[in-house]
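Here is the structure we will look at, set down as structure tokens.
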Amino acid sequence: AAKTEAFWFYRYLSIVYDKIVNPGHWTEEMREAALKPANLGPDMDVVDVGGGTGFCTIGILEAGATPKQVTMMDQSPHQLSKARKKDALRDVTIIEGDAEDLPFETDSKDRYVSAGSIEYWPEPQRGICESYRILKPGGQACMIGSDPAPPLHRASDRAVHLSLAERKQETALCGSG
């Protein structure tokens, strides 16, 4: 039900998302600060999960990621339609998909980024476990979410950095091992 609600919510919100929503609560400065823990750079396979209209993906590119090695994924075809029209994203792979069932091979990505998406996942632990699954040993995840209580303007203060150099946390969280 939550994913269906999100589909319809973003069906209409995507129309004004870049002009009204992002400028109101997710600035370029906030994005830059929130992405620092991801230690992004060239020659890394990066995935942006819940990439929406591509605002965070553009930040990933600005942080030094190679466009042809970046995949942006979202469940909303309407948000992705907006992203596909952005010149800055022309060399990024843009796909529709589910954060809780990622369409990537195990141990295939160097970096996992997700900004403003986890709040909409019906089973956040499942999505977090998927991030662990797809990251290569030594890979890093950066999940950025907003505090559900006001002010929502502190997304960068809520950045979570998950270092996967050791997989002990994965065993405890996801029950694998």
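As a basis for the values below, the full set of heavy atoms in this structure was taken, side chains included, without hydrogen atoms, waters or symmetry mates.
Heavy atoms only, all atoms of each residue included: Ser76 and Gln79 are closest at OG-N, 3.0 Å. Of all heavy-atom pairs spanning Tyr112 and Gly127, the tightest one is OH-O, 4.3 Å. Across Pro67 and Leu61, no two heavy atoms sit closer than the pair CA-CD2, 3.6 Å. Nearest heavy atom pair, residue Arg126 against residue Glu100, reads NE-O, 3.0 Å. The nearest pair of heavy atoms linking Ile118 to Pro124 is CG1-CB, 4.0 Å. Minimum heavy-atom separation, Val49 to Trp121: CG1-CZ2, 4.3 Å.
Residues Glu130 and Phe104 are not in side-chain contact: their nearest non-hydrogen atoms beyond the backbone lie 4.5 Å or more apart. Residues Met143 and Ser117 form no side-chain contact, since every pair of their non-hydrogen atoms from C-beta on lies 4.5 Å or further apart. Taking 4.5 Å as the limit, every side-chain heavy atom of Gln75 sits out of range of all side-chain heavy atoms of Asp98. Thr71 places none of its side-chain heavy atoms less than 4.5 Å from the side chain of Val46. Residues Gln69 and Asp43 form a side-chain contact, since some pair of their non-hydrogen atoms from C-beta on lies under 4.5 Å apart. Put simply, the side chain of Leu89 reaches to within 4.5 Å of the side chain of Met72, judged on heavy atoms. Residues Gln140 and Asn39 are in side-chain contact: their nearest non-hydrogen atoms beyond the backbone lie under 4.5 Å apart. Residues Leu35 and Ile60 form a side-chain contact, since some pair of their non-hydrogen atoms from C-beta on lies under 4.5 Å apart.
With values rounded to the nearest 0.5 angstrom, Cys56 atom SG is found 11.5 Å from Asp74 atom CG. For the atom pair Met73 CE and Asp48 CG, the distance stands at 9.5 Å (nearest 0.5 Å). How far SG of Cys129 is from CD of Glu123: 10.5 Å, rounded to the nearest 0.5 Å. With rounding to the nearest 0.5 angstrom, the CG atom of Leu102 is 5.0 Å from the CD1 atom of Ile134.
Asp110 meets the side-chain contact (heavy atoms from CB on, under 4.5 Å) test with Met44, Asp45, Lys136; sequence neighbours excluded. Ser114 meets the side chain to side chain donor-acceptor pair (under 3.5 Å) test with no other residue; sequence neighbours excluded. Every residue two or more places apart in sequence or in another chain that forms a side chain to side chain donor-acceptor pair (under 3.5 Å) with Asp87 is listed here: Arg90.
Remark: the backbone N or O of Phe55 is paired with a side-chain donor or acceptor of Arg31 at under 3.5 angstrom. Of the possible donor and acceptor atoms, none in the side chain of Glu32 sits under 3.5 Å from a partner among the backbone N and O of Gly59. With hydrogens and angles disregarded, no donor-acceptor distance shorter than 3.5 Å links the side chain of Arg111 to the backbone of Val47. No donor-acceptor pair under 3.5 Å is formed between the side chain of Thr66 and the backbone N or O of Lys68.
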Evaluate side-chain contact (heavy atoms from CB on, under 4.5 Å) for Thr57 paired with Val70, printing each intermediate quantity in order.
CA-CA 8 Å; Thr57 311; Val70 175; 3.9 Å; yes
